[in-house]
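Here the structure comes first, spelled out in structure tokens, and everything after it is commentary.
In what follows, every heavy atom counts, from backbone to side chain, and hydrogens, waters and symmetry copies are set aside. Just so it is clear, the structure is predicted and the values come from calculations on it, not from any experiment.
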Amino acid sequence: MRRGRWLVRWLGTGMAILALLTHSWGQATEDWQYEECKLSRPGPPATIVTIDEESPNGTVLVENMQINGRAQDPGRTISLILLDNYDYWVILEPARQRLYLNSTGRILDRDPPNSITTIVVQVQCTNELVGTVILHEVRIVVRDKNDNSPKFQQPRYYVSVNEDRAPYPPNRLSATTTLTVDILDGDDLGPMFLPCILVNNTRDCNPLTYRATIPELTEPIKLNPLNVTPPIRAVDMDRNIQPPSDRPGILYYILVGQPNTYREYFSLNQTTAVLRVLKPVSRDLYQRFTLIIKVTAEIKFHLLSLSMWHLLS
């Protein structure tokens, strides 16, 4: 009799453990499906790389996008395609999530008349398991090479002097002068966000993450302007353009964001970079917003990410 009770109790415990394991495995499987198309590394869906101008065709731009999922059969879970590939400078190899430079029959030249300083493409990832889509922006910054000689502003320069030539050589006099050629700063560098932490031995800045925390279900009048740490600020790296009136202004924009409803909740002042919340946010609906901010000086721009968490009330 005791043996029968022990067996029943043992079977009941085993079934309970089995049910728990089954539930946990099912939950893990469901969560895994939603991880496809997201990055396996921390940070927003944006990648910034650098490349020298005049790099040869086929140069690897991104070794691996580090996007979760398999992009080839059999067992394909994601699909990858390129968007906004202006002039087809970039080639995507979906199976290895690798990007290449396409410069067949042309030269990637940062200098005039081409003046290619940045190439921007979007890698669209579709989660084949649940149907969601995530855009991963890739920004290729073209580094300048010392491949151009300086040029004088005029092809010829003239000067006239009176005749000081005496018949007797010891009485002849002479004079010297110094010609100085100043190389003025040109508008060839993009803006940078501050503080700037340089990438290795380059003039490129690492992507920045700015953060702001707001309490949920709070009226905007009590929150604005939002306290972003550190404050959003950018400067043009061409700091000595003359005359000063020719220096481009700095403008700020929200480029993209997650979730897609971010425009209903946040606005960014284009000239002051002041971030404002537009209406109360419920933590039950949103626990975090990730915004990609673009700063421009005429046609030049750079990226940062801005993450916001909502505290419990």
Side-chain angles (χ1 to χ4, degrees), residues 32-53 55-104 106 108 116-143 190 193 199 204-209 253-263 288-296 299-307:
W32 168 77
Q33 292 177 346
Y34 286 95
E35 287 300 314
E36 302 299 274
C37 280
K38 295 182 180 179
L39 290 177
S40 59
R41 59 173 173 81
T47 301
I48 301 177
V49 296
T50 58
I51 184 175
D52 288 331
E53 64 173 335
S55 291
N57 183 51
T59 299
V60 176
L61 301 172
V62 179
E63 186 72 26
N64 189 293
M65 290 290 297
Q66 300 185 46
I67 299 174
N68 290 329
R70 179 178 175 84
Q72 62 179 336
D73 295 321
R76 180 165 57 92
T77 60
I78 61 174
S79 297
L80 300 177
I81 60 173
L82 272 181
L83 301 179
D84 301 336
N85 191 10
Y86 179 73
D87 275 352
Y88 302 100
W89 280 106
V90 180
I91 297 175
L92 168 66
E93 183 185 0
R96 292 197 285 180
Q97 299 189 24
R98 185 172 293 177
L99 299 181
Y100 300 91
L101 176 68
N102 177 26
S103 58
T104 303
R106 54 187 173 173
L108 181 64
I116 302 174
T117 60
T118 307
I119 300 173
V120 182
V121 296
Q122 304 283 344
V123 177
Q124 176 179 291
C125 180
T126 302
N127 186 331
E128 299 291 345
L129 303 178
V130 296
T132 56
V133 175
I134 295 179
L135 291 179
H136 296 267
E137 180 170 283
V138 179
R139 183 170 304 276
I140 302 107
V141 179
V142 182
R143 287 191 296 249
F193 284 98
V199 180
D204 303 317
C205 302
N206 276 302
L208 292 175
T209 299
Y253 304 90
I254 299 178
L255 183 62
V256 293
Q258 292 290 336
N260 295 331
T261 54
Y262 70 93
R263 295 185 185 276
R288 173 184 295 184
F289 285 85
T290 299
L291 309 179
I292 305 300
I293 309 300
K294 177 178 78 173
V295 61
T296 68
I299 62 172
K300 300 166 297 187
F301 51 100
H302 191 51
L303 286 177
L304 62 81
S305 64
L306 171 62
S307 300

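Here the closest non-hydrogen pair linking F289 and P259 is CD2-CD, 3.6 Å. Closest approach of T118 to R139, counting heavy atoms only: CG2-CG, 3.5 Å. Summarising the geometry of L255 relative to R263, their closest heavy-atom pair is O-NH2, 4.1 Å, with the distance given to 0.1 Å. Here the closest non-hydrogen pair linking L135 and P45 is O-CB, 3.6 Å.
Applying the salt bridge (charged side-chain N to carboxylate O under 4.0 Å, His left out) criterion to D52, with sequence neighbours excluded, gives R143. Partners of L80 by side chain to side chain contact (heavy atoms under 4.5 Å, CB included), not counting sequence neighbours, listed by chain and number: I67, A71, I78, L92, P94, Q97, V123, C125. In this structure E93 satisfies the side chain to side chain contact (heavy atoms under 4.5 Å, CB included) test together with R96, R98, Y100, sequence neighbours excluded. With sequence neighbours excluded, the residues forming a side chain to side chain contact (heavy atoms under 4.5 Å, CB included) with T132 are N127, V130, listed by chain and number. Scored by the side chain to side chain donor-acceptor pair (under 3.5 Å) test, S79 finds R76, E128 as partners (sequence neighbours excluded). When the salt bridge (charged side-chain N to carboxylate O under 4.0 Å, His left out) test is applied to R106, no partner is found at least two apart in sequence or on another chain.
With T77 contributing its side chain and R70 its backbone, the two residues share a donor-acceptor pair below 3.5 Å. The backbone N or O of V90 sits less than 3.5 Å from a side-chain atom of N85, completing a donor-acceptor pair. When atom types are taken as modelled, the side chain of T290 and the backbone of Q258 share no donor-acceptor pair closer than 3.5 angstrom.
Taking CD1 of I119 as the reference point, atom CG of D84 lies at 13.5 Å (rounded to 0.5 Å). The OH atom of Y88 sits 14.0 Å away from atom OG1 of T104, with the distance rounded to the nearest 0.5 Å. Atom CD of residue Q124 and atom CG of residue L82 lie 10.5 Å apart, to the nearest 0.5 angstrom. Atoms CD and CG, on E35 and L129 in that order, are 12.0 Å from each other to the nearest 0.5 Å. Here OG1 of T126 is found 12.5 Å from CD of E36. Values are rounded to the nearest 0.5 Å. Atom CD1 of I292 and atom CD1 of I254 lie 10.5 Å apart (nearest 0.5 Å).
Contact annotation: the side chain of I51 never approaches that of V141 to less than 4.5 Å [non-hydrogen atoms, C-beta and beyond]. With contacts defined as side-chain heavy-atom distances shorter than 4.5 Å, the pair L61/V138 does not qualify. The shortest distance between side-chain heavy atoms of T47 and L99 does not fall below 4.5 Å.
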Applying side chain to side chain contact (heavy atoms under 4.5 Å, CB included) to W89 and I140, what does each step give before you reach the verdict? CA-CA 10 Å; W89 280 106; I140 302 107; over 6 Å; no

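Each of V60, L101, V142 was compared with S55 under the side chain to side chain contact (heavy atoms under 4.5 Å, CB included) criterion, and only L101 meets it.
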